Amino acid sequence: MKFDTPATTNPIDQLKVVGKPVDRIDGPLKTTGMAPYAYERHDVAPDQAYGHVLGAGIGKGRIAAMDTAVAKAAPGVLAVLTTLDMPRLEKGQMNTAFLFGGADIQHYHQAIAVVVAETFEQARDAAAMIQVRYVREPGRFDLAAEAPNAKLTSADSGEGSGAAHEERIGDFEAAFAQAPVTLDATYTTPDESHAMMEPHATIAAWEGDRLTVWTSNQMVAWGRRDLAKTLGIPAEKVRLDSPFVGGGFGGKLFLRADAVLAALGARTAGRPVKLALARPLMANNTTHRPATIQRIRIGAGRDGRITAIAHESLSGDLPDGQPETAVSQTKLLYAGANRLTAMRLAVLDLPEGNAMRAPGEAPGLMTLEVAMDEMAERLEMDPVEFRILNDTQEDPEHPGRRFSQRQLVRCLREGAERFGWNRRAAKPGGHREGRWLVGMGVAAGFRNNLVMASGARVRLDGGGGVTVETDMTDIGTGSYTIIAQTAAEMMGVPLEKVAVRLGDSSFPVSAGSGGQWGGNSSTAGVYAACMKLREAVAQRLGVNSAEASFVDGEVRAGNRVAPLGQAAGVDGLVAEDRIEYGDLAKRYQQSTFAGHFVEVGVDAATGETRVRRMLAVCAAGRILNPKSARSQVIGAMTMGVGAALMEELAVDKRHGFFVNHDLAGYEVPVHADIPHQDVVFLDEVDPISSPMKAKGVGELGICGVGAAVANAIHNATGVRVRDYPITLDKLLDRLPEVA
Amino acid sequence: MKPFTYERALSPAEAAASAARQPAARFIAGGTNLLDLMKLQIEVPPHLIDVNGLGLDGIEATSEGGLRIGALVRNTDLAADERVRRDYGVLARALLAGATGQLRNKATTAGNLLQRTRCPYFYDTAQPCNKRQPGSGCSAIGGITRQLAVIGASEACIATHPSDMAVAMRALDATVETVKADGVARHIPIAGFHRLPGETPHIETALEPGEFITAVTLPPPLGGQHFYRKVRDRASYAFALVSIAAVVQRDGTGRVALGGVAHRPWRVEAAEADLPRGAKPTMAAILDGARPTHDNAFKVTLAQRTLASVLAEAKG
Ligand SMILES: Cc1cc2nc3c(=O)[nH]c(=O)nc-3n(C[C@H](O)[C@H](O)[C@H](O)COP(=O)(O)OP(=O)(O)OC[C@H]3O[C@@H](n4cnc5c(N)ncnc54)[C@H](O)[C@@H]3O)c2cc1C
Ligand code: SF4
């Protein structure tokens, strides 16, 4: 099905099942520990051996020698495969760092060996017996120091944000020079880790030249393609199965060393191999959100209207890497005739930087929305009003190109109203409750809406049951549930009549889970397949499909009423289709919007910041399931608090690695950090986006949160911190004296 | 994890004797620290002596009017004990500020005292570390040091002791009771229990090899107001950047011990005479001679401000 004209009324609009806050259909499996996550799939292949991956102990250089004799002789060891045993493997299409093979070390904890043994403990123990002799080479580990060598680089995050290396509209420099009120500030955001609960894990088994991997991956088709490419085998020989993913946040978008080394280990040992990357490997072996240094300049008239806006971002990555697209939202969020955005990329020898929840916008808004707060202060305007004044209903770089929907102003107004924004002390440091300096902050949330082609197969059985198969993944987001809701709505059956099977590469290729495109795109694919199935049902029953209605497990057309299952016959009835998109995304700018409001208390003595209240008002198209959507947003808000207050991969700039590579050292918010969170979804349908009229929400929730926290800290204390995370040491010497 | 043998000891003396036979053996109590370290091969004991069955899990009054806490009393139980809550509030609060409910259910009094540093380089076996591998060098010096010591450190090691409980015990002047491998019992004042790193950061306490902790005793209650203020980057489940255990009397005199700043709970008794004059002179005396790094210099300011906040609260 080609979607190239805005949606009109369709069966989804009945909203009998879609749009309802139904519980997750996979909830009981998860709460009882029965959901088969990759590492626990003991039943999929007999006689599984255990693998353990050894990571390099240097940041850059090469391996002169490896001695595996002791490891090979250790109890239970079946195979030891080192990176010196094979030439460098080819890279997958989505990979920047090489995953295995050859003597060169590109980054710390790069996989250099896999040990396969009868037990996990034996494999881990033997891996520690491998002696490695390294030749270190100097590396580039300091982003700020590499700034002079950085090159202008354009990029598309592949996840919804992107920008040309440099984009100029009007004459920024002249307008900025003439503006009566200006800001020129530099901000930094640190490297961040996805820190999802489930590590990268894979079980691999060979049958002749056919490989099956049971793994944890957000993008089944990419993973299969890139695993085949890396191993140098045809993609048809690879099956990848990933029905449950214990969190990914972008860390599992790509093929990683777990799948490659499980496959190689299994081939070497001649047995199925199961392995997970140990937690300490996850920060340095896999990918992370790259640090940025961002300069923002804004010029405005005394009336508060922006006349000039510039956003330049510097980030680093391994050779052939990409810049963090942190300027992307600045191209679209506010009006202003004279504009400049630029991205620079420095080559670093740190581990691979790549997508993490809302790549581009998340770190970009952490800075832009603080800059907006600083401008409002200079203009002596309320920060909500300043943003509203500079709202735009068209793409500011391409006048005339409209947003499909843009309700940012309503998000801000309604948020301010609900949050009690009028109680905010306009003067920073003006509100104290005992030990606590209390402040409120606001930020706009913005995230592009991407639509991706997505396929599905639906099967109707004689009992009126519907089974959906697609290689879509559920990374904790609720895909199972909204897909079931979609099929139930389309076929006129109750939710219990729908079975959903996901994550298998033998199913039709879907959008996968990334860039907050998964919910809307994958359900649109199911919609397309269901439309085809309705057609087929009507044909079987000999009725006109245009007249047929699918209600309560029946098909009704004129006077005829037939049970839906009747059309299935004994063999069942199967339909498969795929949603594909025309050029609506070009003609209209499709984005999602939010108003984020945060109240913090800052301990006047210690500078500890504790969030007290949070509110997000979101405008993101039709909300397919308010319960799972709310879960996505509150999870993202939590991640935003982490980014604002504590998350930072600490770079050892001498040796080139992230030092705090476990969950004790890399702090993310715990329950005690997260107070009451309110989420409001504005009533919105976006017929430009898809037949579902939905958009993404999973990343919108994080976009802007960090800045809202930072702005609240400023309102509480009068201290402006431009370097994330805002830990107490950055506030301490600017807080009031304690007696 | 290296393969190891395991036994369950039946008496403290037997535990000590068994350790004497196998000098590299380790006692295992709650295992919440030791097992993590074994998995990473930071500790590689060939033999474990399980001391959970020794019945050392009672808390009893001493004839002097204090409390004797069995070495195996769980942190949760100690924090919940009525006498501890009433008379040693600083200890109850310190315990509850540590780790999480699940960990405190397992963690024991002796194990908590003996938990090892959280220096990130100590945890990465690819990095040199004098504490893990004597003589290999200290990776932390010149590296990431935000969490590390500001006082009492050496050229060999700048790690901190991570315990909260031990800081309160230092303020309370607790005594550690032990039995040595040869069966001889001794009492070690907490002030002399933890060592500074010096040239031998791998030797962390006054315990001899194989020496077994049987109990920790607290002297009679001090009265006064009890505070434990733990400052950290998140609200729970994080080690202290700085913590302050304080007992403040009505006349403004009192005791102060610090966590998060040194290789042992940090207390300077002589400085406490300044307490009635306020946080600034007191902390200046407590941290006299501090040599922070660029990354952790804030701890000096933080300690002073936190003490000021505690003293303000004490005044009411
Ligand atoms: C994630 C995490 C967070 C934590 N957060 C905090 C925190 O915020 N604050 C804090 O204070 N602590 C914290 N801890 C540490 C925790 O308090 C310790 O792990 C615990 O107290 C150790 O007690 P245990 O009984 O489990 O010791 P074990 O792990 O069993 O033993 C520790 C050491 O003590 C030795 N030992 C045990 N008993 C005896 C004995 N009777 N005689 C002689 N030697 C003995 C063992 O041989 C071993 O060397 C945290 C731990 C974890 C894992
Ligand atoms: S500070 Fe101590 S524990 Fe840390 S690396 Fe140096 S020697 Fe090891």
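All figures in this text were calculated on a predicted structure; none of them were measured in a lab.
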Flag the one option from [options] with the top tally of heavy-atom pairs under 4.5 Å to chain B.
options: N660(A), D652(A), I58(A); result: D652(A)
options: D603(A), V659(A), V641(A); result: V659(A)
options: K653(A), H655(A), H661(A); result: H661(A)
options: L735(A), T609(A), V651(A); result: L735(A)
options: M646(A), E121(A), R654(A); result: R654(A)

By a 4.5 Å heavy-atom criterion (distance strictly below it), what part of L663(A) contacts chain B: side chain, backbone, both, or neither?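 When you check distances to chain B, only backbone atoms of L663(A) fall under 4.5 Å.
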Report which part of A74(A) has an atom under 4.5 Å of a heavy atom belonging to chain B: side chain, backbone, both, or neither.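 Interface part for A74(A): neither.
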Side chains of Q41(B) and D125(A): do they bring a donor and an acceptor to under 3.5 Å?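 Yes, because at least one side-chain N or O of Q41(B) sits under 3.5 Å from a partner of the opposite role on D125(A).
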We want to know whether Y108(A) and D124(B) form a side-chain donor-acceptor pair, criterion being a heavy-atom distance below 3.5 angstrom.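 Yes.
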Which of residues 726-734 of chain A have a heavy atom under 4.5 Å from any heavy atom of chain B?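 Only T727(A), L728(A), D729(A), L732(A) of residues 726-734 of chain A have a heavy atom under 4.5 Å from chain B.
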H671(A) and Y237(B), any side-chain heavy atoms less than 4.5 Å apart: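 No, too far: nothing below the 4.5 Å cut-off.
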Could you tell me which portion of L241(B) (side chain, backbone, both or neither) has an atom closer than 4.5 angstrom to a non-hydrogen atom of chain A?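 Just the side chain, heavy atoms under 4.5 Å.
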Contact class of K39(B) relative to chain A, heavy atoms under 4.5 angstrom: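 For K39(B), backbone and side chain are both near chain A.
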When you measure from the side chain of R232(B) to the backbone N and O of E608(A), does any donor-acceptor pair fall under 3.5 Å?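 No, the answer is negative, given that no donor and acceptor are paired below the 3.5 Å cut-off.
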Test item: D673(A) side-chain N/O and A235(B) main-chain N/O as donor-acceptor pair under 3.5 Å: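 Judged by distance alone, yes, a pair lies under 3.5 Å.
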Which one wins on heavy-atom pair count under 4.5 Å against chain A: A238(B), P120(B), G142(B)?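 Looking at each option in turn, the highest pair count goes to G142(B).
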Does any pair with a residue in residues 658-670 of chain A pass salt bridge (Lys or Arg N to Asp or Glu O under 4.0 Å), and if so which ones, sequence neighbours excluded?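 Counting only pairs at least two positions apart or across chains, the salt bridge (Lys or Arg N to Asp or Glu O under 4.0 Å) contacts touching residues 658-670 of chain A are E667(A)-R234(B).
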